[in-house]
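Quick note on labels: first sequence line is chain A, next is B, and so on, each numbered from 1.
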Number of protein chains: 2
Amino acid sequence: MSLPTKKRVVIIEDDQEIRESFSLIVNSSQRFAVVGAYGNCEDAIASLNRDKPEIVLMDIELPGMNGIKGTQIIRDKSNSTEVIMVTVYEDSDLVFEALKAGASGYITKSANYTELLSALEEIVRGGAPMSSRIARMVIDNYHINPNSPLTKRETTILQLISEGKTYTQISEELFISKETAKTHIKNIYSKLQVNSKSEAIAKANHDKLI
Amino acid sequence: MSLPTKKRVVIIEDDQEIRESFSLIVNSSQRFAVVGAYGNCEDAIASLNRDKPEIVLMDIELPGMNGIKGTQIIRDKSNSTEVIMVTVYEDSDLVFEALKAGASGYITKSANYTELLSALEEIVRGGAPMSSRIARMVIDNYHINPNSPLTKRETTILQLISEGKTYTQISEELFISKETAKTHIKNIYSKLQVNSKSEAIAKANHDKLI
DNA sequence: TTAATAATCACCCAAACTTCGGTATAATTT
DNA sequence: AAATTATACCGAAGTTTGGGTGATTATTAA
């Protein structure tokens with residue numbers, strides 16, 4: 001019988017030392033093989049069709065195109081390729097940008113032999129490797145802000161607005177008059193300092209009010 | 001010197017056998033102590049001020065109030081209490097509802113001795129314990145749907161709509177006429193089968209189009 | 001390489017909806 | 001008692017939406 005095919009891994013990392021060290025670690029495994037190691041996204045993307053990686057280990061800070069943009073492009077060109085961000089930063093905004101760009105994991109550069117390989121294994125198993133801190137960041141991102149300036153009723157109405165309901169629909173759903181709904185919405189706008197439904201939704205999402 | 005104070009744990013689980021088994025496991029640890037074990041949320045909430053739990057292990061399916069609603073109320077009354085959902089289901093919608101309700105972890109009932117205790121340890125460390133499958137669900141929830149029916153331009157415009165921009169602002173930002181923006185938006189509405197900005201945002205978020 | 005299709009841009013009009021600026025009362029909470 | 005919350009109404013001004021029409025520029029397929 002033949003050995004199971006090794007998963008094809010591409011490494012994008014501008015620091016040559018780290019790149020080579022990661023390559024050694026990945027290649028040391030029976031389950032993975034580095035099919036490309038690049039110092040920037042541009043080169044990696046140019047070789048994408050030849051490399052056909054199942055997994056990409058991606059640095060964020062890179063000369064030229066950064067890792068977020070690179071992730072976006074790679075995922076756009078090859079949807080089945082899974083990207084794991086490997087970075088020194090655990091900065092909140094960067095994490096979410098990377099996830100939105102299509103990353104499926106987020107580990108730090110301090111990752112040792114075991115951590116790196118188990119992240120790869122985790123991806124293959126259909127999981128999403130990430131550090132405790134990142135996991136918590138991601139989970140907390142779902143939590144509603146307990147310091148909302150809105151009253152219970154206003155929050156309910158904002159919720160309905162975010163579901164795309166009109167004044168009339170809101171008033172019907174809550175058994176209040178259209179004018180009352182209007183008043184509540186005016187108060188919401190004034191508290192959030194916005195002046196349209198969409199702006200209110202944007203602010204509500206950003207500040208986790210709903 | 002005195003021993004470090006044990007973390008106060010409350011268990012809410014209607015199956016008496018599981019409840020007692022979990023209690024034994026938690027109490028076996030030097031770091032945790034079960035201060036209350038209930039078969040429903042109502043009783044647990046009534047005793048909340050006396051129990052003052054740092055951590056709640058919460059079942060989802062419960063007689064009376066379900067675990068999602070219970071989580072909401074507990075988090076509302078005691079914001080510093082961390083809730084870990086313990087359930088047989090890994091159903092996508094339930095997971096996200098639980099997270100939105102304020103849960104910080106999500107493990108399955110099949111959790112053994114080690115898994116349960118390490119989930120508790122993880123919470124104390126400020127992490128967010130969850131299974132591979134859940135982690136992946138959560139991460140995938142950030143990913144944009146590659147099968148969007150919208151063109152690139154339409155997606156850009158939908159993005160601006162979701163940021164609360166008006167027709168005028170969108171046209172200025174993209175250097176196109178207001179009428180053109182309007183045309184794009186009409187096309188977006190027709191593709192998404194909606195007829196207002198807020199509805200489009202709701203659909204876009206739900207279907208991960210932006 | 002042409003033909004067809006998709007994407008982007010632009011304008012008009014009328015109807016509908018939303019927003020802003022007021023005013024006001026009852027119920028609840030502090 | 002005072003403050004907050006939830007309820008309700010009016011009218012004017014502004015924005016959005018629906019239904020058309022049509023042109024120019026990619027992009028794709030035959």
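OP1 and OP2 of D/dT4 both lie 4.0 Å or more from every side-chain N or O belonging to A/Arg153. Between B/Thr180 and C/dA10, a side-chain N or O to OP1/OP2 separation shorter than 4.0 Å is present. Within the structure, a side-chain polar atom (N or O) of A/Ser177 is placed less than 4.0 Å from OP1 or OP2 of D/dC9. The side chain of B/His184 contributes an N or O atom lying less than 4.0 Å from OP1 or OP2 of C/dC9.
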What N/O pairs connect the protein and nucleotides 13-16 of chain C at under 3.5 Å? Give each pair on its own line.
from: C/dC13; atom 1: N4; to: B/Lys182; atom 2: NZ; distance (Å): 3.3

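Separating the CD atom of B/Glu199 from the P atom of D/dT16 is a distance of 16 Å, rounded to the nearest angstrom. We find that NZ of B/Lys191 is positioned 16 Å from P of D/dG18, with the value rounded to whole Å. In this entry the distance linking CZ of B/Phe175 with P of C/dA10 reads 13 Å, nearest Å. Distance B/Lys152 NZ to D/dA26 P: 14 Å, rounded to the nearest Å. Straight-line distance from the CG atom of A/Leu158 to the P atom of D/dA6: 13 Å, rounded to whole Å. Residue B/Asn187 contributes atom CG, which lies 14 Å from atom P of D/dG20 at whole-angstrom precision. Separating the CG atom of B/Asn195 from the P atom of C/dT18 is a distance of 10 Å, rounded to the nearest angstrom. Atom CD1 in B/Ile185 sits roughly 14 Å away from atom P in C/dA10 (whole-Å rounding).
Which of C/dT18, D/dG18, D/dT5 sits closest to the side chain of A/Thr151 comes down to D/dT5. Side-chain atoms of B/Ile176 lie closest to C/dA10 of the nucleotides D/dT17, C/dA10, D/dT5.
Taking a cutoff of 4.0 Å between a charged side-chain nitrogen and a carboxylate oxygen, B/Lys165 and A/Glu199 do not qualify as a salt bridge. We find that A/Glu54 and A/Arg8 are not joined by a salt bridge, their nearest charged nitrogen and carboxylate oxygen being 4.0 Å or further apart. A salt bridge links B/Lys109 with B/Asp59: the distance from a Lys NZ or Arg NE/NH1/NH2 to an Asp or Glu carboxylate oxygen falls below 4.0 Å.
Atom CD of A/Glu90 is surrounded by more than 12 heavy atoms from other residues, nucleotides or ligands within 6.0 Å. Within 6.0 Å of OH in B/Tyr89 there are 12 or fewer heavy atoms belonging to other residues, nucleotides or ligands.
Contact annotation for B/Thr168: no contact, since no heavy-atom pair falls under 4.0 Å across all strands. Within the nucleic acid shown, A/Lys178 has no heavy atom closer than 4.0 Å to any nucleic acid atom. At a threshold of 4.0 angstrom between heavy atoms, the contacts of B/Thr183 include nucleobase atoms, whether or not backbone atoms are also involved. Residue-level contact check: A/Thr166 touches the backbone only, with heavy atoms under 4.0 Å from sugar-phosphate atoms and none from bases. Counting non-hydrogen atoms under 4.0 angstrom, A/Tyr189 reaches the backbone sugars and phosphates but no base.
Under the 3.5 Å distance criterion, the side-chain polar atoms of A/Ser47 are left unmatched by any main-chain donor or acceptor of A/Ala44.
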For B/Lys100 and B/Glu97: C-alpha separation, side-chain torsions, deciding distance, then whether salt bridge (charged side-chain N to carboxylate O under 4.0 Å, His left out) applies.
CA-CA 5 Å; B/Lys100 271 190 264 177; B/Glu97 274 183 58; over 6 Å; no
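Nearest heavy-atom pair, B/Thr81 versus B/Ser78, reported as atom, atom and distance to 0.1 Å: OG1-OG, 2.5 Å.
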